[in-house]
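Report on one structure; see the data block that follows.
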Amino acid sequence: MDIVGEPVSFTIPSLPSSMNQIYSIIRMPGIPLRVEMKPEVRRWKTESKVYIPMLKPQSDSYLFRLDAVFFYPFHHRNGKMKKFDTQNLLKVLIDAVAEKNGIGDEYFKSGSWGSIDSEKERIECILGGV
């Protein structure tokens, strides 16, 4: 059901950290284990919100679809393939879009992702209703 109107396209001119670089695990004797988002990831989310549009839901009930293409170099300068899990970037991107729109990430029910080998890092997105 498409309740949010026409899809909108936007580009974020940078990439978030991948999932294995998002959280810090803090272990201290006598204190329960803590997991915190790294400051650089929080900074990326804050800075990226400038590029993320606000959707205008047409009712109190809405679901979102996010399609994203990540552009980044696939190889190191020595020619070896980078260990870079594109799909792991989706979590931070969806969190940023959800926060910008004042909703929880549970409202994102579908979408797609892809990656393109490029020297110019960015994320091209289409955001709309399911």
Side-chain angles (χ1 to χ4, degrees):
M1 73 183 155
D2 185 1
I3 302 175
V4 294
E6 293 299 313
V8 292
S9 299
F10 62 96
T11 299
I12 299 174
S14 61
L15 297 177
S17 300
S18 68
M19 280 303 283
N20 59 356
Q21 299 170 344
I22 291 175
Y23 298 102
S24 294
I25 298 172
I26 301 167
R27 294 185 175 124
M28 298 176 80
I31 298 175
L33 180 73
R34 266 189 6 224
V35 178
E36 292 182 355
M37 186 171 283
K38 291 185 176 179
E40 60 269 23
V41 177
R42 287 194 307 268
R43 187 172 34 260
W44 182 88
K45 284 172 53 176
T46 298
E47 292 170 357
S48 69
K49 290 175 190 174
V50 171
Y51 305 97
I52 298 170
M54 290 291 294
L55 291 180
K56 295 181 174 72
Q58 297 173 358
S59 80
D60 292 336
S61 175
Y62 48 93
L63 302 175
F64 291 105
R65 173 185 177 91
L66 179 64
D67 299 305
V69 179
F70 298 86
F71 292 77
Y72 61 88
F74 287 177
H75 299 87
H76 293 283
R77 291 181 189 209
N78 64 7
K80 290 187 178 184
M81 178 77 85
K82 288 184 177 182
K83 290 185 178 182
F84 200 84
D85 294 330
T86 308
Q87 64 276 18
N88 288 344
L89 303 177
L90 279 174
K91 175 65 176 148
V92 177
L93 174 61
I94 289 171
D95 285 351
V97 174
E99 287 175 17
K100 171 70 180 253
N101 281 278
I103 61 170
D105 60 359
E106 68 272 13
Y107 289 99
F108 288 80
K109 297 298 185 189
S110 67
S112 65
W113 64 269
S115 55
I116 293 178
D117 188 17
S118 173
E119 290 301 315
K120 183 180 175 189
E121 290 187 352
R122 65 190 184 281
I123 311 169
E124 294 183 1
C125 304
I126 300 173
L127 177 61
V130 172

Which atoms form the tightest heavy-atom contact between Pro73 and Glu119, and what is the distance? CB-OE2, 3.9 Å
Partners meeting side chain to side chain contact (heavy atoms under 4.5 Å, CB included) with Ile103 (sequence neighbours left out): Tyr62, Phe64, Ala98, Asn101, Tyr107, Phe108
Heavy atoms of Leu89 and Pro16 approach each other most closely as CD2-O, 3.4 Å
In this structure, CD1 of Ile12 is separated from NZ of Lys49 (nearest 0.5 Å) by 11.0 Å
Taking 4.0 angstrom as the limit, do Glu40 and Arg42 come out as a salt bridge? no
Test your reading of the model: is there a side-chain donor-acceptor pair from Lys100 to the backbone of Ile52, 3.5 Å cut-off? yes
Looking only at side chains, do Ser14 and Trp44 share a donor and an acceptor under 3.5 Å apart? yes
Just to verify, which of Phe70, Tyr72, Phe71 counts as forming a ring-ring contact (aromatic ring centres under 6.0 Å, His included) with Phe74? Tyr72
Rounded to the nearest 0.5 angstrom, the CG-CG distance for Leu93 and Leu127 is 9.0 Å
Other residues, nucleotides, ligands: >12 heavy atoms within 6.0 Å of Lys120 NZ: no
Check for me, please, whether Phe10 and Val69 land in the same ILVMFWY cluster - side-chain distances under 4.5 Å, paths through other members count. no
Cluster membership besides Ile126, Ile/Leu/Val/Met/Phe/Trp/Tyr side chains within less than 4.5 angstrom, sorted by chain and number, is none
Shortest non-hydrogen contact from Arg122 toward Leu15: O-CD2, 3.6 Å
Gap between atom OG1 of Thr11 and atom OH of Tyr51 - 0.5 Å precision: 10.5 Å
Is Leu90 reachable from Ile116 through a run of hydrophobic residues whose side-chain heavy atoms are each under 4.5 Å from the next? no
Going from OG on Ser115 to CD on Gln87, what distance comes out if it is rounded to the nearest 0.5 angstrom? 8.5 Å
Determine whether Asp105 and Lys91 satisfy the following criterion, side-chain contact (heavy atoms from CB on, under 4.5 Å), listing intermediate values before the conclusion. CA-CA 9 Å; Asp105 60 359; Lys91 175 65 176 148; 2.6 Å; yes
With rounding to the nearest 0.5 Å, note down the distance linking NZ in Lys109 to CZ in Arg65. 14.5 Å
Distance, nearest 0.5 Å, that separates NE2 of His75 from CE of Met81: 4.0 Å
Please report the closest heavy-atom contact between Leu66 and Cys125, naming both atoms and the distance. CD1-CB, 4.0 Å
